[in-house]
Amino acid sequence: MKKAIQRNNSIRTAVLQMPVATASARLEINHPSSENLVKVVVEGCTDKSFYERFLDNTHIIVAIGVNAVEQTLDDIGTQYPELIGIRDADFIRIPSLSATVSKKLFLTDGHDIEMMIALSRNAIERFWEGFFNEENSPILPPKFPEIICRCLKPLSYFRLYNHTHQQSISFDEIDCQKNDGFSCYAHIKKIIDNPQNKDKVPTELRELLVRTYSKDGVGIYELTRGHDFLRVAILQVRKSLKAKISQKNAFEQFYNSFDLADFQATNLCRELQAWCKGSDWCKEKGIRSIIQ
């Protein structure tokens with residue numbers, strides 16, 4: 001009995017010494033209700049709600065933030081063959097920042113979930129048409145997502161600079177409720193003038209943002225932050241509709257415009273399916289697919 005107590009205490013001690021995200025994930029993995037399911041760790045509750053619509057034979061675990069997802073896989077990924085992770089790509093696929101990613105960690109198409117949605121023409125059309133009826137529906141502008149991404153490019157490079165140099169610059173969100181239009185340079189100036197950002201933005205960067213980065217040809221879907229894209233897209237819809245739009249409802253409509261067929265057309269979906277087909281654990285459990 002004494003040895004059993006000691007063993008239980010050692011397990012408890014090991015769990016307590018783990019990072020919170022890893023310890024929480026381990027408890028969920030070991031819960032009997034998820035015994036025969038693939039465990040998928042994601043960045044947050046929004047991600048969980050999104051992927052639950054498309055994934056099958058899975059139990060989704062929330063680890064708050066990219067670092068927590070990666071830490072969980074690093075800590076216990078080899079111990080649990082049924083554990084994988086999905087995270088936003090962020091800037092990983094920018095050529096100058098390309099990094100090695102674990103074979104059990106899968107990335108969104110584009111910068112993040114929102115940009116993966118924006119890559120789907122069908123989803124963008126549903127999002128646009130959902131605000132109008134047949135009588136007042138203007139035609140969706142050609143290359144609508146690309147136009148917004150190009151508009152945001154200086155701000156996107158500003159974010160990339162902050163990411164690569166770890167400057168901890170405080171960025172103000174684009175507010176679709178207070179503005180009828182959007183000026184990227186005016187928004188950048190607002191960020192630079194923020195007292196929290198004093199001395200964090202060198203003068204030469206300001207010149208690059210205006211003259212060079214705005215003309216650069218890097219992949220805009222990898223560069224653009226999804227929430228920036230979505231807020232400017234809402235402004236454009238509001239301008240065409242000539243009416244107020246609830247930001248909450250617009251966000252929900254955007255995510256719901258992306259359906260199973262859209263997800264099945266992504267590289268992310270194909271990579272998840274390929275992992276499942278090659279997984280000995282999935283074969284042992286009789287799991288042929290983790291897509292709805």
Side-chain angles (χ1 to χ4, degrees), residues 42-55 60 62 64-65 86 88 90 108-156 158-159 170-191 194 220-221 223-263 266 292:
V42 300
E43 294 183 49
C45 295
T46 300
D47 299 58
K48 180 178 180 179
S49 299
F50 179 79
Y51 290 115
E52 278 179 338
R53 296 165 51 203
F54 310 120
L55 299 185
I60 299 181
V62 173
I64 304 300
I86 303 175
D88 290 345
D90 295 332
T108 55
D109 293 29
H111 189 95
D112 46 33
I113 286 176
E114 291 78 17
M115 296 315 298
M116 184 164 66
I117 295 172
L119 278 162
S120 169
R121 178 70 183 182
N122 290 334
I124 289 296
E125 287 180 350
R126 293 188 202 102
F127 169 68
W128 178 268
E129 293 168 358
F131 292 103
F132 306 96
N133 56 46
E134 292 183 1
E135 296 178 357
N136 72 345
S137 179
I139 298 174
L140 176 66
K143 298 185 177 181
F144 180 66
E146 288 87 343
I147 292 170
I148 293 174
C149 289
R150 285 196 294 271
C151 165
L152 285 164
K153 187 176 278 190
L155 176 61
S156 300
F158 196 3
R159 291 189 182 278
S170 177
F171 284 82
D172 296 309
E173 288 285 11
I174 298 163
D175 191 345
C176 75
Q177 301 301 306
K178 296 180 180 178
N179 300 287
D180 293 321
F182 173 74
S183 166
C184 191
Y185 296 120
H187 191 67
I188 288 172
K189 185 178 185 304
K190 178 182 177 184
I191 295 166
N194 185 333
I220 51 179
Y221 285 91
L223 181 66
T224 309
R225 176 179 178 261
H227 275 225
D228 292 340
F229 169 86
L230 186 47
R231 282 177 163 85
V232 175
I234 292 170
L235 285 172
Q236 293 303 311
V237 172
R238 179 182 177 183
K239 186 176 179 180
S240 296
L241 188 61
K242 297 179 181 179
K244 296 285 186 180
I245 298 174
S246 162
Q247 184 166 286
K248 179 182 177 182
N249 291 342
F251 270 57
E252 289 177 357
Q253 183 165 308
F254 183 76
Y255 294 121
N256 290 334
S257 296
F258 193 74
D259 64 17
L260 180 58
D262 298 321
F263 184 71
T266 64
Q292 293 282 1

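Put simply, the side chain of Asp262 gets close to the backbone of Asp259: a donor and an acceptor are under 3.5 Å apart. A donor-acceptor pair is defined here as one N or O able to donate and one able to accept, closer than 3.5 Å; such a pair exists between the side chain of Thr266 and the backbone of Phe263. Here the side chain of Glu43 pairs no donor or acceptor atom with the backbone of Ile64 at under 3.5 angstrom. Asp47 places no side-chain N or O within 3.5 Å of a backbone atom of Val42 that could act as its donor or acceptor partner. Between the side chain of Arg225 and the backbone N or O of Arg159 there is no donor-acceptor pair closer than 3.5 Å. Between the side chain of His111 and the main chain of Tyr221, no donor-acceptor pair closer than 3.5 Å is present. Between the side chain of Ser120 and the backbone N or O of Met116, no donor-acceptor pair lies under 3.5 Å.
Between Leu152 and Ile174 there is a side-chain heavy-atom pair separated by less than 4.5 Å. Side-chain atoms of Asp112 and Phe229, non-hydrogen and from C-beta on, never get closer than 4.5 Å to each other. A heavy-atom distance below 4.5 Å is found between the side chains of Cys149 and Met115. In this structure, Ile113 and Thr46 have side chains that are not in contact, with every pair of non-hydrogen atoms separated by 4.5 Å or more. At a threshold of 4.5 Å between non-hydrogen side-chain atoms, the residues Gln236 and Ile147 do not count as touching. Contact check for Phe50 versus Ile117: side-chain heavy atoms found under the 4.5 Å cut-off.
Ring geometry for Phe132 versus Trp128: interplanar angle of 30 to 60°, hence tilted. A perpendicular orientation is assigned to the rings of Phe171 and Phe158, their planes being inclined by more than 60° (bins at 30° and 60°).
Summarising the geometry, atom CD1 belonging to Ile245 is positioned 5.0 Å from atom CZ belonging to Phe131; distances are rounded to the nearest 0.5 Å. One distance of note links CD of Glu252 with OG of Ser246; it measures 7.5 Å at 0.5 Å rounding. To the nearest 0.5 Å, the span separating CD1 on Ile124 from CD on Glu129 amounts to 11.5 Å. From Leu241, atom CG reaches atom CD1 of Ile234 across 12.5 Å, with rounding to the nearest 0.5 Å. Note that CG of Leu223 is 7.0 Å distant from NZ of Lys153, once rounded to the nearest 0.5 Å.
Under a 4.0 Å N-O distance rule, the pair Arg231/Glu114 does not qualify as a salt bridge. Remark: Glu125 engages Arg121 in a salt bridge, criterion side-chain N to carboxylate O under 4.0 Å.
Between Ser257 and Ala123, the closest heavy-atom pair is CB-O, 3.3 Å. Heavy atoms only, all atoms of each residue included: Asp172 and Ile191 are closest at N-CG1, 3.9 Å. Smallest separation of non-hydrogen atoms from Cys176 and Leu235: CA-CD2, 3.6 Å. Nearest heavy-atom pair across Leu55 and Gln292 is O-NE2, 2.9 Å.
Under the 6.0 Å cut-off for aromatic ring centres, Phe254 and Phe258 do not qualify, their centroids lying 6.0 Å or more apart.
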One pair to check against side chain to side chain contact (heavy atoms under 4.5 Å, CB included): Val232 and Thr224. What are the steps and the verdict?
CA-CA 12 Å; Val232 175; Thr224 309; over 6 Å; no

Could you check Phe127 against Leu230 for side chain to side chain contact (heavy atoms under 4.5 Å, CB included), going step by step and ending with a plain yes or no?
CA-CA 11 Å; Phe127 169 68; Leu230 186 47; 4.2 Å; yes

Could you walk me through whether Glu173 and Asp228 satisfy the side chain to side chain contact (heavy atoms under 4.5 Å, CB included) test, starting with their C-alpha distance in whole Å, then the side-chain angles of each, then the deciding distance to 0.1 Å, before giving a yes or no?
CA-CA 8 Å; Glu173 288 285 11; Asp228 292 340; 4.3 Å; yes

